[in-house]
Amino acid sequence: MSTSPVTAAAVKPTLSTTYLPAEVEQPRYERWVAAGYFRARADTERPPFSIVIPPPNVTGSLHVGHALDHTIQDSLIRRRRMQGYESLWLPGMDHAGIATQNVVERQLATQGLSRHDLGREAFIERVWQWKASSGGAILGQMRRLGDSVDWSRERFTMDEGLSRAVLTIFKRLYEDGLIYRAERIINWCPRCLTALSDIEVDHTDDEGELVSIRYSDEIVVATTRAETMLGDTAVAVHPDDERYRHLVGTEVELPLTGRRIPVVADGHVDPTFGTGAVKVTPAHDPNDFEIGQRHGLPSPIVLDERGVITAPGPFQGLDRFEARPAIVAALREQGRIVAEKRPYVHAVGHCSRCGTTVEPRLSLQWFVHTAPLAKAAGDAVRDGRVRIEPGELAKRYFAWVDNMHDWCISRQLWWGHRIPVWYGPEGEVVCVGPEDEAPTGPGWRQDDDVLDTWFSSALWPFSTLGWPEETEDLARFYPTSVLVTGYDILFFWVARMMMFGLYARDGQQPFNVVALHGMVRDQHGKKMSKSYGNVVDPLDWIERFGADATRFTLARGANPGSDVPVSEEWCQGSRNFCNKLWNATRFALLNGAHTGGDLPAYEELSTVDRWVLSRLQHVIGEVDEQFERFEFAKVCDTLYHFAWDDVCDWYLELTKPVIEHSPATQRVLGHVLDQLMRLLHPVIPFVTEELWLALTGGESLVIAGWPAPDKSLVDDAAEADIGVLQRVVTEVRRFRSDQGLKPGQRVAAQLSGLAAAGIAEHEPLVRSLARLERKGDGFQATATLVVGGGITVALDTRGTIDVAAERARLEKDRIAAQKERAGAAAKLGNVDFLAKAPEQVVAKIRQRLAGAEAELARIDAALGALGERSRSEVLAEASTPPATQGRRVD
RNA sequence: GGGCGCGUAGCUCAGCGGAAGAGCACUCGGCUUACAACCGAGGGGUCGCUGGUUCGAACCCAGCCGUGCCCACCA
C-alpha cells in the first residue's frame, strides 16, 4: 500500500466498507447547529439570500411533501451559503386555527368536556399547554432531514411579535377601507360552527335529487335543496322570457307556508335552464342573495348554525337532511311535485377540514376588500418584479387574482388572533387596532371571533423579520429571495402573501421568485393516500436508507412545477449512490488521494487527469445553470452520471495502474472528489460532509466554497483522446462478451493504430481495462477487431471464436451503417436542404456521411479479417475436452 | 360550465425544429483486492391518432382520441 509523504490518508479516519448513515447523521447535524453555521447575521457585508419556510401546522408531522419542499429549500440555501451569501432560512410554524382547535376539542371530548365547559380563556390556555407538550413534532423531524434552518430565529404565528403584526395590518386595512363588516352569504360549516373562506371549501360532484315543485299553475321551479323553500321570498324569471312576462309583478302562494311571494324579473336567471323560473332564497344562496338585494326582498333565515330548521311550522327542529325528504313528501301530498325526483349530479361544497356539506348562510362577518390588493398582486407578477417558476403556472395565478372575491376573514373559533375590534353598547365599532392595553369604555366589548389562519400566514415573510418594527433583519433580508412551495397553495398562501406584502411594505414584494414544485406521488404517478396504502413516511426512509438517500430521491424527481414520483426502490438506488461515493472516496484515500497544495502544473498531468478535470469544469457549469433554473432533477442527473460514470467507472479504473506512483494523479483525484462533494452537498449534505472531512481535513463542507468552472482546465484534445480510448475498450469488451470470453480471461492481442489516433501512451490502459495480454511467442491472430479511426486489435482467440456469430453481428452493424449513410446522402442530395439549412447543420450532415462511410469501411475490414470458418467447424477440430470447449486455457 | 397540463422503451420521466435518451425493470457473463448496495455487455420505441407548416417535425399548427389537475354562485 502506498504511503506517499503527501498522503494524509494514514492520519485520516479509516472508512468502513459500507456507508452507515444512521451512525453519522444525527450527531453531525447537532455539530452543525452547535457550530452556528446555520445562523445568519444581519451585520455582515455579504450579499443576503433569504427564504422563509412555509410554516407547517403546529399539529403536523413531517410527511413526504414537506420532505420534498424542505430538500429543495435546503439545497438552495446551502448552495448560496457556500457561495458566500449571508443565507437565512427562517423556520417556524403556523397556529392552524381550526385544525389545532379540533385536536384539543377532541382531547376534551374524551373527558366528556366541550370547550364551552372550560370557557374561552381556560380553553386557550389548554391549547397552549397542548402546543408545549405535543405540538411541533415536525421541528425535530426537520433536524433528521438535515434542514439548515436558523433555529435562533424560529417563529410561530401566535408569537407576540407576529400577533402585533396581525393587529397592525388589520388596523391599517380598516382605516384604508379595505376591511369591512357586512352581512353576506358565506360558507358555513354546520359542524365546525364557523364561517369558511372560499378556498377552505372543496367541491365534489355529488349526486343529489332535483325535484320540480309547482308554485302555481303557471310556475314550476326546480331545486336540490327543497328545505330552503321555507325561506323563499320571491320567484325570479328572466325579464325577456315571454312565458312569464305577464306574471312579473304578481304574487304566488308559497306552498306549505301560506305566504305570498312576488314574481320578479332578474337578468341573472337563465331562461333556457329548467323551466326558466327560479325560487329565490336570499338568506341561503349567494345568487339569490344578490337577487334579493336588487329587488329589496326580505332575507329570512330558516336554518340555524347547526343546519336545523328554525322556520316555524311542522318542520321546525328537523336537521336539514331530514327536512329535505319531509318537505318533498308534504309537497307531494299536496300534489305540488310535478315530476318524479330525478338523480342529479352537481358540485357540492364541503368543509376542507371535516368534510361536512357546507351551508351557504347569511351572516355578519368581517371581509377584506380584495380588489385593489389583488390588482397589485397581479401587477407585481405582470411587470416582472416577482417571477413565478415555472412560468406556465403564472396563468393560474392571474386567473385567481383577477377574479378574486372578497375574503371572509372572521372565524367563529377561539384559537387564533382575536379580531381587534371593540363595539359599544349599540353594537357600533368604537375602537380598532393594536392598542397596547385592552381598550375599555362603558359597555364596550371585543369582537368574539378570531381571524382566518391564512390572515397571519399572509404576513409571514415580513412579520417573521420583525415588522412592524423596522428591524435590521427586515432591512437585510426583505424582500426574501425565493419562496418555495407546492403549486397547490399558490392561491391559499402565495397570492395572499403578495397582497399583504405589497400593501404593508408600500409596493415592496415579499419575495423575488416563487419556485413551485409539484406533489409527491407513488411510482405509478398516483396520489398518495391512506386508502391506497401507498403513503411514504419520510422518517421511515431516513431510518432505513438515510436522510441523503431520501433527499436525493425527492430532488431527483423535482422538475419545476411537476409532480414527483417516488418509490422505495428508487430510494434504494439513491442509497446505493451514496454508498458508491463512500467507496470511491475510500479507495481514493487508500491510494493517496489528497487535497493539499496547488494542483500540479498542467504539464505534469496525464491525458487522463486532464480529461477528468475538463469534464469537471463542464459539470460545474451545467450544475450552476441547473440550480439557477431550479432544475433539481437535472442537477442530480448531471452529478450522478459524472460521479458514477466518469469518475468511478472510468477515471478510477484508468488511474488504478498508476495512482500508486503518481503524485499528480493523487492530487487530481483528491481535487475532483473535493469538488464533487461540494457540488453534491446542497442535496446530500451528510455523506458529502463525512467524505469531504476525511479527504481534506477541513472544518466543514457547510461553509466551504462553491466550485467555479476554470476555463483553463477545459481540454478538448484530452476529451477527444479519452473518447477514443473508451471506444476501443468498449469495442473489445463487447467482442469479448459476445464471444463468451470470461471477463477474467486474458487474451493475447496486438494493438495497432493507437499512435496515429494519438493515444499510444494509453496502450497499457487499454490492455488492462480490456484484459488484453501482450502477444507472446506463437501468437496467432485469429480474429481482428477493427475499431475504427485506424485502430485494430488483433486477437489470438484460437479455439474460442464463433465466426458465424461475429459475422452476424457485423452484418447487422453494416445494415445500420448503410442506412445511416443513405440517410445522410439523401439529405445532402436535396437541393432545398443545401439552399435553406444553416451551414452548421449541413456540416454536421457531412460529418455524419463521412462517419457512416468510415464505419462501413471498418465493418467491411472486420468482415474481411474474420476467418471463413464457423464456430461449429472450429469446435469440431478442437481437441480440447467438451467441458472447456470454447474457452481458452491459459 | 370554464381554464391549464400531459400522452416518448415494461414503469417513472428527460429531450421541445436538424443523427431517439436516462434511471429502474429485463437478458447474458462475472466475487476483475473501493463498492455484489458491485462490474462488463446486451435486447427493447412507426415519440397517442389524422391532417397541415417546413428542405427537415417527438418537437410548431389544427382536429380527434385518451388522461390528469385547477377553478366555478345555473337553480
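Chain A is the first sequence line, chain B the second, and so forth, proteins listed ahead of strands; every chain is numbered from 1.
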Intermediate values then yes/no, side chain to side chain donor-acceptor pair (under 3.5 Å), A/Ser363 and A/Glu183:
CA-CA 5 Å; A/Ser363 178; A/Glu183 271 210 318; over 6 Å; no

Could you check A/Cys636 against A/Val683 for side-chain contact (heavy atoms from CB on, under 4.5 Å), going step by step and ending with a plain yes or no?
CA-CA 8 Å; A/Cys636 293; A/Val683 180; 4.2 Å; yes

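Rounded to a whole Å, the CG atom of A/Leu834 is 12 Å from the C1' atom of B/G56. Rounded to whole Å, atom P of B/G5 lies 7 Å from atom CD of A/Glu392. Spacing between atom CG of A/Leu652 and atom P of B/C39 amounts to 11 Å, rounded to whole angstrom units. Rounded to a whole Å, the CG atom of A/Asn559 is 13 Å from the C1' atom of B/C6. The interatomic distance linking A/Lys634 (NZ) with B/C16 (P) rounds to 7 Å, in whole Å. Nucleotide B/A75 holds its P atom 15 Å from the CD atom of A/Glu209, rounded to whole Å. A/Lys526 places its NZ atom 17 Å from the C1' atom of B/C69, with the value rounded to the nearest Å. When the P atom of B/C74 is taken as reference, atom CG of A/Asp266 falls 15 Å away, rounded to whole Å.
Within the structure, every side-chain polar atom (N or O) of A/Lys395 is placed at least 4.0 Å from both OP1 and OP2 of B/C71. Dashed line: the shortest gap from a side-chain N or O of A/Lys656 to OP1 or OP2 of B/A34 is under 4.0 Å.
Separation of the P atoms belonging to B/C55 and B/G5 is 29 Å when rounded to the nearest angstrom. Between B/C59 and B/G2, the two P atoms lie 28 Å apart (nearest whole Å). B/G17 sits 15 Å from B/G7 when the P atoms are compared, rounded to a whole Å. Comparing the P positions of B/G68 and B/U8 gives a spacing of 15 Å, expressed to the nearest Å. To the nearest whole angstrom, the two P atoms, one in B/A25 and one in B/C64, are 41 Å apart. Using atom C1' as the reference point in both B/C49 and B/A41, the two lie 38 Å apart (nearest Å). Going from the C1' atom of B/U50 to that of B/A57 covers 15 Å, rounded to whole Å. Nucleotides B/C39 and B/A19 place their P atoms 31 Å apart, quoted to the nearest Å.
A side-chain N or O of A/Lys279 and one of A/Thr228 form a donor-acceptor pair less than 3.5 Å apart. Using a 3.5 Å distance cut-off with no hydrogens or angles, the side chains of A/Asp232 and A/Tyr215 do pair a donor with an acceptor. Residues A/His238 and A/Asp266 bring no donor and acceptor atom of their side chains to less than 3.5 Å of each other. The closest side-chain donor-acceptor pair between A/His405 and A/Thr370, if any, does not fall under 3.5 angstrom. In this structure, a donor-acceptor pair under 3.5 Å is absent between the side chains of A/Asp402 and A/Tyr397. For A/Thr665 and A/Thr655, the side-chain atoms include no donor-acceptor pair closer than 3.5 Å. For the 3.5 Å distance criterion, the side chains of A/Glu209 and A/Thr224 fail to qualify, holding no donor opposite an acceptor.
You'll find that the side chain of A/Phe587 is closest to B/A34, out of B/A37, B/G18, B/A34. Considering only side-chain atoms of A/Glu653, the nucleotide from B/A75, B/A34, B/A14 that sits closest is B/A34.
A heavy-atom distance below 4.5 Å is found between the side chains of A/Phe642 and A/Leu676.
The two residues A/Ala643 and A/Phe577 make their nearest non-hydrogen contact at CB-CE1, 3.8 Å. The shortest heavy-atom contact between A/Val211 and A/Ala226 is CG2-CB, 4.4 Å.
Base pairing of B/C35: no nucleotide in any strand meets the Watson-Crick or G-U wobble criterion (both distances under 3.5 Å). Using N1 to N3 plus N6-O4 or O6-N4 for Watson-Crick, or N1-O2 and O6-N3 for G-U wobble, each under 3.5 Å, B/C4 pairs with B/G68. The partner of B/C59, taking Watson-Crick or G-U wobble pairs whose two distances both stay under 3.5 Å, does not exist in any strand shown. Across all strands shown, B/C24 pairs with B/G10; the Watson-Crick or G-U wobble distances both stay below 3.5 Å. B/G43: no Watson-Crick or G-U partner with both key distances under 3.5 Å is found in any strand.
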Do any N or O atoms of the protein come closer than 3.5 Å to N or O atoms of nucleotides 40-47 of chain B, and which pairs are they?
unit_1 : atom_1 : unit_2   : atom_2 : d
B/A41  : O2'    : A/Ser737 : OG     : 3.4

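For the segment residues 573-586 of chain A, the set of residues with a heavy atom within less than 4.0 Å of an atom of RNA chain B comprises A/Arg575, A/Asn576, A/Asn579, A/Lys580, A/Asn583, A/Ala584, A/Arg586, in numerical order.
When heavy atoms are screened at a 4.0 angstrom cut-off, A/Asp270 is found touching base atoms of the nucleic acid. Within the nucleic acid shown, A/Gln840 has no heavy atom closer than 4.0 Å to any nucleic acid atom. Contacts of A/Arg556 with the nucleic acid, taken as non-hydrogen atoms under 4.0 Å apart, involve only primed sugar atoms and P, OP1 or OP2. Contacts of A/Leu490 with the nucleic acid, taken as non-hydrogen atoms under 4.0 Å apart, are absent. Within 4.0 Å of A/His284, counting heavy atoms only, lies no atom of the nucleic acid at all. Residue contacts for A/Pro838: at a heavy-atom cut-off of 4.0 Å it reaches a base atom on one of the strands shown.
Cation-pi contact between A/Arg521 and A/Trp570: absent, since separation from the ring centre below 6.0 Å together with deviation from the ring axis within 45° is not met. Figure legend: cation-pi geometry between A/Arg184 and A/Phe289 absent, as NZ or CZ is not positioned both under 6.0 Å from the six-membered ring centre and within 45° of its axis.
Salt-bridge check for A/Arg767 with A/Glu773: failed, with every basic side-chain N at 4.0 Å or more from each acidic carboxylate O.
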Could you run down nucleotides 7-12 of chain B 5' to 3' and tag each one B, S or - for protein heavy-atom contact under 4.0 Å?
----SS

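Comparing A/Arg521 and A/Asp637 along RNA chain B, the residue whose closest nucleotide (by nearest heavy atom) sits nearer the 5' end is A/Asp637.
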